[in-house]
Protein chains: 2
Amino acid sequence: MIFADSREPDRIVEMLKSMGVEVQRKRLSVADYLITYSSYAIAVERKDADDYVNSIADGRLFDQLYRLTRLYELSFICVIGSVDFYRMRRDAFIGSIVSIALKSRGSVVPLWVKDEKDFCLVLKSLNRQVEGGRIKATPRIVKKASIDDSVAMLTAIPGVGVEKAKKLLERFGSVFRVVNATIPELMRVEGIGEKQARRIYDFVRGRRVK
Amino acid sequence: MIFADSREPDRIVEMLKSMGVEVQRKRLSVADYLITYSSYAIAVERKDADDYVNSIADGRLFDQLYRLTRLYELSFICVIGSVDFYRMRRDAFIGSIVSIALKSRGSVVPLWVKDEKDFCLVLKSLNRQVEGGRIKATPRIVKKASIDDSVAMLTAIPGVGVEKAKKLLERFGSVFRVVNATIPELMRVEGIGEKQARRIYDFVRGRRVK
DNA sequence: CCTAGAAAGATATGA
DNA sequence: TCATATCTTTCTAGG
């Protein structure tokens with residue numbers, strides 16, 4: 001059974017029905033479609049190409065992504081139609097697709113389909129496979145990642161980007177040691193002078209830094 | 001750094017290099033490409049559309065899929081080029097794509113790209129995003145005054161979102177004090193239990209967190 | 001998301 | 001030590 005959000009256009013629901021899929025309207029809080037079977041729920045977010053491009057530019061996309069990951073173990077974002085590559089560069093588009101998978105660590109799967117017909121095929125196929133119970137085929141090996149979130153943490157300091165964050169971690173080994181370092185210690189890192197060292201020192205201690 | 005299997009064609013390796021990506025040849029046992037950064041590894045399997053169709057027919061695809069899930073936490077299967085829909089029905093093709101994601105529960109992400117140029121863009125983007133250490137579904141934070149940067153910094157800790165970051169800062173006053181807090185002290189913050197407290201404590205000290 | 005270019009800072013050199 | 005030239009990195013704006 002597929003639930004379609006009540007704000008989704010009729011034409012899609014009709015198309016699904018004409019394909020022999022059981023669809024029911026329902027008010028959904030986060031996704032546009034929900035495929036359920038026994039205790040599984042898979043969410044699908046539909047995005048027209050134009051809207052997708054906009055939502056990247058203004059950061060909306062990654063909010064939605066975040067909400068999806070909080071609520072569902074596995075969801076899909078379907079981009080429909082052709083992208084206007086004058087509005088967004090090709091590499092930026094591809095980068096955003098890759099980013100969805102990476103940021104969500106695979107729990108949100110990006111799909112790019114030609115048209116709404118194909119989108120419906122995706123839903124239909126999802127529905128059938130979930131019902132068929134094929135979802136349990138290979139158990140996912142959850143070996144928690146250990147990527148450097150520490151780098152990301154340090155880049156939040158004004159004036160510290162990826163390069164400096166890496167160098168800081170290289171020298172000090174952990175965020176704890178960076179945060180507890182003295183100004184002269186910080187200055188020993190290549191690329192960090194007195195000014196920068198003082199900024200870091202002050203920032204982590206909550207003093208206003210400009 | 002990207003490792004390319006030694007059997008991969010030169011033209012792709014060259015194309016990557018011409019895009020400014022560091023590539024090294026290596027004999028890989030399962031995937032075609034490997035993107036590594038610190039202890040993290042992402043595998044990429046390249047499949048020309050024709051070969052993809054064949055590999056479904058003879059069952060090879062799902063063997064490969066299985067091996068990928070066993071070895072890597074996150075991998076990609078890139079189908080390159082247009083599919084001959086006389087050899088494989090459109091719905092069957094879409095179904096297979098969906099099936100990859102479902103069976104692997106998202107740990108293998110299927111991507112369908114136009115040509116090898118786009119494939120290289122995928123690799124390039126993967127490489128950069130992994131190196132940047134920004135692999136986390138953190139909500140986008142609007143940077144205003146410096147106080148918000150502190151919140152942003154704390155949200156990089158796994159399991160800490162905007163709400164918890166704010167509460168932490170409210171109680172401790174600065175990133176320095178949060179980082180230097182003991183586990184019992186951290187637990188006194190509303191919404192943070194022992195498990196979370198320990199995670200924060202361990203994370204900032206550079207211990208791998210589960 | 002990606003790039004380009006401006007701005008800021010760090011390092012090296014030489015007086 | 002200071003002034004300056006060069007290089008590296010960060011940040012902001014725009015698509």
Side-chain angles (χ1 to χ4, degrees), chain A residues 45 47-66 77-79 82-104 108-112 151-171 183-203 209-210, chain B residues 16 18-21 76 109 111 113 117-146 148-149 152-153 156:
Chain A
E45 178 80 23
K47 280 239 171 284
D48 287 320
D50 274 349
D51 187 39
Y52 179 80
V53 169
N54 289 334
S55 70
I56 287 169
D58 60 27
R60 228 165 60 235
L61 179 71
F62 292 96
D63 283 349
Q64 290 179 310
L65 187 71
Y66 185 68
I77 289 188
C78 280
V79 181
S82 49
V83 175
D84 180 356
F85 287 114
Y86 291 95
R87 288 187 55 223
M88 169 169 267
R89 301 173 43 148
R90 196 172 189 89
D91 52 1
F93 175 77
I94 290 179
S96 70
I97 293 281
V98 164
S99 173
I100 289 173
L102 274 184
K103 281 194 174 159
S104 72
V108 180
V109 177
L111 291 183
W112 185 21
V151 171
M153 189 165 174
L154 293 177
T155 56
I157 301 172
V160 176
V162 183
E163 294 304 319
K164 276 177 192 147
K166 280 186 190 167
K167 281 180 191 150
L168 283 166
L169 278 174
E170 232 165 75
R171 174 170 293 263
I183 292 177
E185 277 165 0
L186 289 167
M187 283 172 66
R188 301 193 56 198
V189 175
E190 188 197 336
I192 292 181
E194 192 187 334
K195 206 163 173 175
Q196 184 77 66
R198 178 155 277 127
R199 273 175 90 186
I200 294 172
Y201 187 90
D202 285 346
F203 175 80
V209 156
K210 71 131 205 52
Chain B
L16 281 168
S18 77
M19 287 174 171
V21 182
F76 290 78
V109 178
L111 292 183
V113 297
K117 175 93 185 297
D118 277 6
F119 173 68
C120 289
L121 287 177
V122 167
L123 287 178
K124 185 182 177 183
S125 175
L126 265 172
N127 190 42
R128 196 155 55 136
Q129 292 189 44
V130 169
E131 279 195 353
R134 297 169 181 256
I135 306 182
K136 212 194 158 205
T138 42
R140 192 190 170 89
I141 289 159
V142 191
K143 283 193 183 178
K144 286 184 291 185
S146 55
D148 284 341
D149 286 338
M153 189 166 174

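Bear in mind the structure is a predicted one, so any value in this text is a computation, not a measurement. Naming convention: chains lettered A, B, ... in sequence-line order (proteins, then strands); numbering from 1 in each chain.
Residues from residues 87-96 of chain A lying near DNA chain C, meaning a heavy-atom separation below 4.0 Å, are Met88(A), Arg89(A), Asp91(A), Ala92(A), Gly95(A), Ser96(A) in numerical order.
Residue Lys124(B) places none of its side-chain N or O atoms closer than 4.0 Å to OP1 or OP2 of dC2(C). Between Lys167(A) and the phosphate of dT9(D), there is a side-chain N or O to OP1/OP2 separation shorter than 4.0 Å. Distances shown here put every side-chain N or O of Gln196(A) at or beyond 4.0 Å from the OP1 or OP2 atom of dT9(D).
At whole-Å resolution of the value, OH in Tyr86(A) and P in dC1(C) are 24 Å apart. We find that CD1 of Ile183(A) is positioned 16 Å from C1' of dG9(C), with the value rounded to whole Å. Summarising the geometry, the separation between CG on Leu61(A) and P on dG15(D) is reported as 20 Å, rounded to the nearest angstrom. Look at CD1 on Ile157(A): it is 11 Å from P on dC11(D), rounded to the nearest Å. Between the CG atom of Asp118(B) and the P atom of dC2(C) there is a distance of 14 Å, given to the nearest Å. Separating the NZ atom of Lys164(A) from the P atom of dG9(C) is a distance of 9 Å, rounded to the nearest angstrom. Counting to the nearest Å, the C1' atom of dC2(C) and the CZ atom of Phe62(A) are 12 Å from each other. Rounded to whole Å, the distance from CG on Asp84(A) to C1' on dG14(D) is 15 Å.
Side-chain contact between Ile97(A) and Val122(B): absent, with no pair of heavy atoms (C-beta onward) separated by less than 4.5 Å. Annotation: side chain of Asp84(A) is not in contact with side chain of Val53(A) (no heavy-atom distance under 4.5 Å). Under the 4.5 Å side-chain criterion, counting only non-hydrogen atoms from C-beta, Asn127(B) is not in contact with Leu16(B). The side-chain heavy atoms of Arg87(A) and Asp50(A), taken from C-beta on, include a pair separated by under 4.5 Å. Taking 4.5 Å as the limit, every side-chain heavy atom of Arg198(A) sits out of range of all side-chain heavy atoms of Leu186(A). You'll find the side chain of Phe62(A) reaches within 4.5 Å of the side chain of Leu65(A), heavy atoms only. Residues Phe203(A) and Val160(A) fail the side-chain proximity criterion, which asks for heavy atoms closer than 4.5 Å. The side-chain heavy atoms of Glu190(A) and Glu163(A), taken from C-beta on, include no pair separated by under 4.5 Å.
Nearest nucleotide to the side chain of Lys195(A), out of dG9(C), dC2(C), dT9(D): dG9(C). For Arg128(B), the side-chain atoms get nearest to dC2(C) when compared with the rest of dA10(C), dC2(C), dC1(C). Side chain of Ser99(A), nearest nucleotide from dG9(C), dT9(D), dC1(C): dC1(C).
Identified under the salt bridge (Lys or Arg N to Asp or Glu O under 4.0 Å) test for residues 118-127 of chain B, with sequence neighbours left out: Arg90(A)-Asp118(B).
Evaluation of the salt bridge (charged side-chain N to carboxylate O under 4.0 Å, His left out) rule for Arg171(A) yields no partner, not counting sequence neighbours. Listed by chain and residue number, Glu45(A), Asp51(A) satisfy the salt bridge (charged side-chain N to carboxylate O under 4.0 Å, His left out) test with Lys47(A) (two or more places apart in sequence, or in another chain).
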Just the atom pairs and distances: protein N or O near nucleotides 5-7 of chain D's N or O, under 3.5 Å.
none

Which atoms of nucleotides 11-14 of chain C (N or O only) lie under 3.5 Å from a protein N or O atom, and what are those distances?
unit_1, atom_1, unit_2, atom_2, d
dT11(C), OP1, Gly191(A), N, 2.9

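Residue Lys166(A) is out of contact with every strand shown, counting any heavy-atom pair closer than 4.0 Å.
Taken to the nearest 0.5 Å, the CD atom of Gln64(A) stands 7.0 Å off from the CD1 atom of Ile77(A).
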